[in-house]
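One structure below.
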Amino acid sequence: MSDDRSTDESAVQPDGGHASRPLAEPTSKQSTLRRFFTRDDLPPYGALRRWLLTTNHKDVGVLYVVTALLFLVFGGVLALLMRIELLTPVGDFLSADGYNQTVSTHGLIMVFWFLSPFAFGFANYIVPLQIGAKDLAFPRLNALSYWLYLFSGILLGLSFFQGGSFSGGWTMYAPLSVPNYMPQIGSTTTILALTLFVISVTVSSVNFLTTMHRMRAPGLTLRRMPLFTWSILLTVWMMLFAFAALLAALLILSSDRILGTTYFTAEGTPGSLLWTHLFWFFGHPEVYIVFFPALGAMAEMFQTFTGRRLVGRKWFIVSMLLVALQSFLVWMHHMFLTSINLQIKTLFMITTIGISLPFDLMVFSLIYTMVKGRLRFTTPFLFAFGSLFVFIIGGITGVFLGAVVLDYQLRGTYWVVAHFHYVMVSGVMALVGALYYWYPKLTGRMYNRRLGKLSFWLFFAGFNLLYFPMFIAWETPRRVFDYPAELTGFHQLATVGGFLLGFAFLLVIWNCYRSLWDGETVSSNPWAHATTAEWAIPSPPPLENFPGMPSYESGSLDFLDRETASTDGGTVTKPTPSSHDGHDSHASPWPLGISIGSFVLFLGLSGVATGGIYVPITIVGGGLLAVTLLGFGLESFSVTEPAVAERWPFAGIENGKLGVWIFLASDIVLFGAFVGSYVFLRAGYGWEAWKIVPHNPIPGLINTYILLTSSFCVVLALVAAQKGRRWGVVAGLTTTLLLGIAFLINKGIEWIELFHHNIWLSTDVQASTFFLTTGLHGLHVVLGLVIVLYMIPRALNGAYLDDERPVEYFGLYWHFVDIVWLFLFPLFYIL
Amino acid sequence: MSVLVGLTVQTFGTSAPPATVILQGQSRTMSEVFPHLFSIFLVLGTLVGIVVLSYMVYVAVRYRADGETDELKDSPQLGELPEGGGDGRKLAVSLTLSAIIVIALISYAWFLLMGVEGGPPEVSGEPNSDKPLSVTVVGEQFAWKYIYPNGNSSYTLRVPDDRPIELTITSSDVMHTYGIPKYDLKTDAIPAQNTTTWFNPDETETVEANCYELCGTGHSEMTSEVIIMDGAEFDRWYAQTTSDATPTPNESTTEGAHAMDHPQSRLAHNHVLV
């Protein structure tokens with residue numbers, strides 16, 4: 001637990017505002033731009049370059065927190081616009097469409113671009129510290145997640161300037177969301193922005209899961225992980241699967257909007273129900289995805305500031321685990337008013353009660369932790385305490401909605417609005433507490449305590465003044481500006497509360513900003529009774545976090561000399577002697593580049609169907625993306641895996657392979673949702689009446705054989721690599737490439753033949769499902785071939801003879817793509 | 001919290017039928033069930049809320065650090081491996097208690113749901129009631145169209161006060177949700193799907209139906225009148241509509257007299273069909 005600051009980077013303040021050091025400019029005659037992005041040692045905090053290039057988890061965490069707060073201001077301003085409109089019971093401030101856009105983007109921004117990223121700022125910063133890792137498993141992917149997040153948000157903002165943003169509510173119900181009813185390009189942009197955000201989330205999920213399962217300090221078994229880390233682990237598992245379902249929904253919706261498929265509008269099929277199923281399958285876990293990190297942070301703060309260990313810690317974890325599993329079994333309680341039958345409603349009512357009980361346990365556990373403690377009402381604890389207080393009200397009012405009969409009447413009213421704000425903004429309250437709690441760790445300085453407490457009381461008062469009147473005025477229909485006149489008083493109170501809450505947020509932000517300069521400097525552990533590892537290292541922590549190898553094997557945290565660390569049979573990599581020898585890379589320009597490329601590409605796609613300027617934008621974006629991806633692939637970026645670590649249950653495989661497995665798990669859900677959508681539409685249409693699109697199953701059958709053979713070739717390439725036979729690798733990969741191309745040509749011929757019969761994406765729903773699902777699979781094949789194309793020249797140079805793992809990872813992906821086809825072929829060609 | 005209690009007593013305490021009424025008979029309308037159940041939930045929820053929150057605040061005050069004895073015995077240490085703080089039994093008891101309350105409440109609610117889902121009295125087999133009137137409600141941006149059994153359609157719902165009304169609800173474009181707050185009635189209007197609900201009008205009056213699902217520019221103004229008429233008067237009116245009605249399968253046209261009722265004419269800007 002030394003306070004030594006051994007590296008240059010750690011000696012400066014991490015707030016980006018001061019203590020900058022002169023830049024060590026490269027002296028070569030490169031162009032300014034190139035010099036700007038050249039990766040040398042990580043620049044100091046004061047330099048803009050640092051923040052553009054960094055891949056360090058703590059920097060990325062700070063970027064996430066700051067960016068999320070900017071989106072909070074964006075979403076908050078939209079909320080206040082709504083509250084101004086609602087001062088009077090008639091529409092007199094915003095236009096009808098303007099109000100709908102405000103409602104919709106407020107919801108989207110707060111749920112997606114503020115809440116989760118805010119929590120993941122802390123997750124980025126704190127989780128590696130709590131588990132004793134130097135960084136996340138894939139630092140560049142972490143930076144990529146952040147930049148994709150930022151640019152997806154910018155894309156969302158741009159949508160307002162494309163004839164109006166999305167106006168169909170954050171639930172984006174179809175068919176209102178298709179061009180027939182919402183033709184603005186801006187609506188497409190919003191959907192694409194969300195798609196980009198989901199890609200960011202998926203990358204991030206793979207990264208966090210690999211890190212948390214493979215890089216824990218020795219002795220830190222899963223059961224012993226701190227509660228914040230536990231909450232993040234479960235959140236990320238939920239994210240991995242839930243967001244894959246959302247991705248499927250968004251891809252289908254984008255296709256309906258851009259390519260003209262008819263999933264959500266076709267005659268005789270339950271298209272709008274399909275959307276509600278897809279959306280809520282994602283949407284309910286999403287509630288816990290945004291709330292769990294807050295819960296984990298609350299647990300940490302309760303322990304620290306009561307000076308007691310959490311009561312029933314084991315059951316608290318079991319409860320979270322149960323909720324995480326069950327969250328995928330309650331989605332239809334959002335659909336009690338649809339045409340689903342009584343038995344299903346009853347079933348989902350039961351699962352809904354089932355999921356509420358673990359929360360009771362967690363609430364009691366937090367309350368009993370206070371008993372016989374010594375409660376220190378610091379600002380973070382005030383926020384945590386206030387959060388639990390309002391969460392209880394949110395929970396009780398939620399039970400009302402679980403009773404089907406009450407839900408019949410409360411649905412679509414301000415009861416729901418008040419209830420979910422009590423829950424969601426309770427989460428925000430806890431996360432603001434987390435911001436104060438970890439602020440000294442992030443910055444090395446203490447916030448202003450008086451302002452902190454003032455901000456809490458304003459926050460708490462504003463919160464209740466804003467949301468409680470909504471319970472009383474619950475008969476107001478949601479998302480209308482034209483409400484019963486007798487409820488005006490309550491809505492005016494809420495508006496006052498809204499401005500108070502907005503002011504409290506600004507005070508929090510101001511406090512954090514000012515204290516970067518004015519705050520007193522703090523020691524490594526400013527809170528007594530904090531137990532987790534982040535408090536055992538300097539505030540702010542040095543670049544590679546720990547003075548030695550963290551270990552819990554003795555029963556408590558020690559920092560061992562890295563050379564003397566014992567190995568326990570895990571994957572042994574060369575131990576890094578010390579943290580600043582330059583073995584690990586910490587900067588890369590490519591995550592930013594890829595994100596800019598994706599941003600331009602998606603911007604182009606939003607209007608590509610209308611032609612004009614959007615076509616060249618799409619082409620430029622695609623080119624940029626290809627170049628930056630290539631740059632990312634060719635960059636040498638070294639990351640060492642810890643020599644010894646707790647890795648249950650993934651001790652047998654290394655990080656890269658686990659990453660591929662986890663990604664494929666989410667891809668299974670993506671294809672599952674596509675196949676599920678097909679089955680759902682076909683069942684609704686009449687299974688037998690549905691006409692099979694391909695006239696002839698033979699091309700599909702041939703393609704099945706082609707893919708199976710190509711899988712075999714990848715196996716041969718891997719065997720050759722293991723045996724060190726260069727030409728064997730090249731031959732195996734080349735044959736795979738040729739077979740893949742043959743697959744695509746065969747498919748192309750089949751599609752052209754159908755096209756000649758006037759069957760295309762937009763012909764009817766049968767054709768839509770056929771082309772989109774097999775097209776998504778085809779895209780996976782194309783992606784695989786791009787990777788092979790990249791690998792063949794490297795194989796020629798003998799790249800995989802010493803280390804055949806890339807061939808193995810590619811093989812996993814390729815086999816997966818083949819297996820998917822084994823499902824698609826019978827479903828779309830034969831049955 | 002006292003506001004909640006006051007609200008309960010004022011708004012719902014008096015209007016809710018006593019439990020004995022509710023428990024008699026198989027079939028109940030939402031306007032019987034909802035206020036009754038809502039008031040029960042509100043009273044119990046408020047009680048539980050007050051107990052839990054008061055206890056929480058009491059504990060917070062009681063165990064507040066006073067600055068004198070700074071250290072607890074056995075306080076957590078930096079770098080220790082986490083363990084639980086005991087008190088598992090208290091936790092189990094609390095959880096059981098809350099589970100009993102929640103499960104009892106929801107079960108009772110489910111039991112009442114069966115009555116609502118049973119449909120109007122005649123359907124559930126009670127002989128002494130009038131044959132219900134069936135009306136189809138079609139949501140369209142941004143109006144509610146009502147189609148009567150004789151094919152007549154209108155943008156105002158006229159119903160008699162002496163028999164149950166069965167509504168079959170659907171949509172011709174996007175998702176809407178049809179609701180008549182006065183009768184605590186609400187159900188989704190989904191394209192290509194039918195949902196059903198029913199109610200028992202009891203006095204002649206004009207009430208409002210709203211849309212409860214965001215459905216586009218005119219969502220806020222998508223309301224319609226529901227006119228509850230004297231039974232005999234309704235029959236006279238209905239007979240007269242039968243004579244001149246020509247059922248039109250095309251949803252965009254309707255009988256001449258009501259063509260101008262369509263609220264779309266009120267909206268300056270509207271959805272653009274591409």
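The figures here come from the full heavy-atom set of this structure, side chains too, leaving out hydrogens, waters and symmetry mates. Model, not experiment: these values are computed from the prediction. Note on naming: letters A, B, ... go to the chains in the order of the sequence lines (proteins, then strands), and numbering restarts at 1 for each one.
Between A:Arg411 and B:Glu213 there is a salt bridge, since a side-chain N of the basic residue sits under 4.0 Å from a carboxylate O of the acidic one. In this structure, A:Lys345 pairs ionically with B:Glu117, as a charged nitrogen and a carboxylate oxygen lie closer than 4.0 Å. Look at B:Glu83 and A:Lys314 and you find no salt bridge, because none of the NZ, NE, NH1 or NH2 atoms lies under 4.0 Å from a carboxylate O.
You'll find the side chain of A:Arg309 stays beyond 4.5 Å of the side chain of B:Pro82, heavy atoms only. For the pair B:Met56 and A:Ile392, the minimum side-chain heavy-atom distance is below 4.5 Å. Taking the side chain as every heavy atom from C-beta outward, A:Asp97 and B:Thr217 approach each other to under 4.5 Å. Two residues are said to be in side-chain contact when any heavy atoms from C-beta on lie closer than 4.5 Å; B:Ser220 and A:Tyr483 fail this criterion. Considering only heavy atoms from C-beta on, A:Val371 comes within 4.5 Å of B:Lys90 through its side chain. Side-chain atoms of B:Gln193 and A:Pro270, non-hydrogen and from C-beta on, do get closer than 4.5 Å to each other. Between B:Asp173 and A:Asn180, every side-chain heavy-atom pair lies at or beyond the 4.5 Å cut-off. By the 4.5 Å heavy-atom criterion applied to side chains, B:Glu221 and A:Val480 are not counted as neighbours.
Contacts of A:Met370 with chain B are made by both backbone and side-chain atoms, with heavy-atom separations under 4.5 Å. Heavy atoms of A:Tyr173 lying under 4.5 Å from chain B belong exclusively to its side chain. With a 4.5 angstrom heavy-atom cutoff, A:Phe389 touches chain B via backbone and side-chain atoms both. Looking at B:Ser94, both its backbone and its side chain come within 4.5 Å of chain A, counting heavy atoms on both sides. Heavy atoms of B:Ala60 lying under 4.5 Å from chain A belong to its backbone as well as its side chain. Neither the backbone nor the side chain of A:Phe316 comes within contact range of chain B; no heavy atoms are under 4.5 Å apart. If you measure heavy-atom distances from B:Asn194 to chain A, the contacts under 4.5 Å come from the backbone alone. Only the backbone of A:Ser167 comes within less than 4.5 Å of a heavy atom in chain B; its side chain stays farther off. With a 4.5 Å cut-off on non-hydrogen atoms, B:Ile169 does not touch chain A at all. If you measure heavy-atom distances from B:Asn210 to chain A, the contacts under 4.5 Å come from the side chain alone. Both the backbone and the side chain of B:Ala99 have a heavy atom closer than 4.5 Å to some heavy atom of chain A.
Between the A:Asn100 side chain and the B:Leu214 main chain, no donor and acceptor come within less than 3.5 Å of each other. No donor-acceptor pair closer than 3.5 Å links the side chain of A:Ser272 to the backbone N or O of B:Met175. Of the possible donor and acceptor atoms, none in the side chain of B:Thr195 sits under 3.5 Å from a partner among the backbone N and O of A:Thr338.
Cation-pi geometry between B:Lys186 and A:Tyr408 is not satisfied (NZ or CZ under 6.0 Å from the ring centre, within 45° of the ring normal).
Between the CD1 atom of A:Ile350 and the CD1 atom of B:Ile106 there is a distance of 10.5 Å, given to the nearest 0.5 Å. Here A:Leu357 contributes atom CG and B:Ile103 contributes atom CD1; the two are 5.5 Å apart, rounded to the nearest 0.5 Å. Interatomic distance, CG of A:Leu410 versus CZ of B:Phe38, reported as 5.5 Å (0.5 Å rounding).
Within 6.0 Å of the CD atom in B:Glu80, the count of heavy atoms belonging to other residues, nucleotides or ligands exceeds 12. With a 6.0 Å radius and a threshold of 12 heavy atoms from other residues, nucleotides or ligands, A:Trp170 has its CH2 atom above the threshold.
Of all non-hydrogen atoms in B:Ala109 and A:Ala403, the two that sit nearest each other are CB-CB, 3.6 Å. When all heavy atoms of A:Pro477 and B:Cys211 are compared, the closest pair comes out as CB-O, 4.2 Å. Taking both residues in full, the closest heavy atoms of A:Leu337 and B:Thr187 are given as O-OG1, 3.3 Å, listed atom of the first, atom of the second, then distance.
By the ring-ring contact (aromatic ring centres under 6.0 Å, His included) test, B:Tyr212 is found to be paired with no residue, residues two or more places apart in sequence or in another chain being considered.
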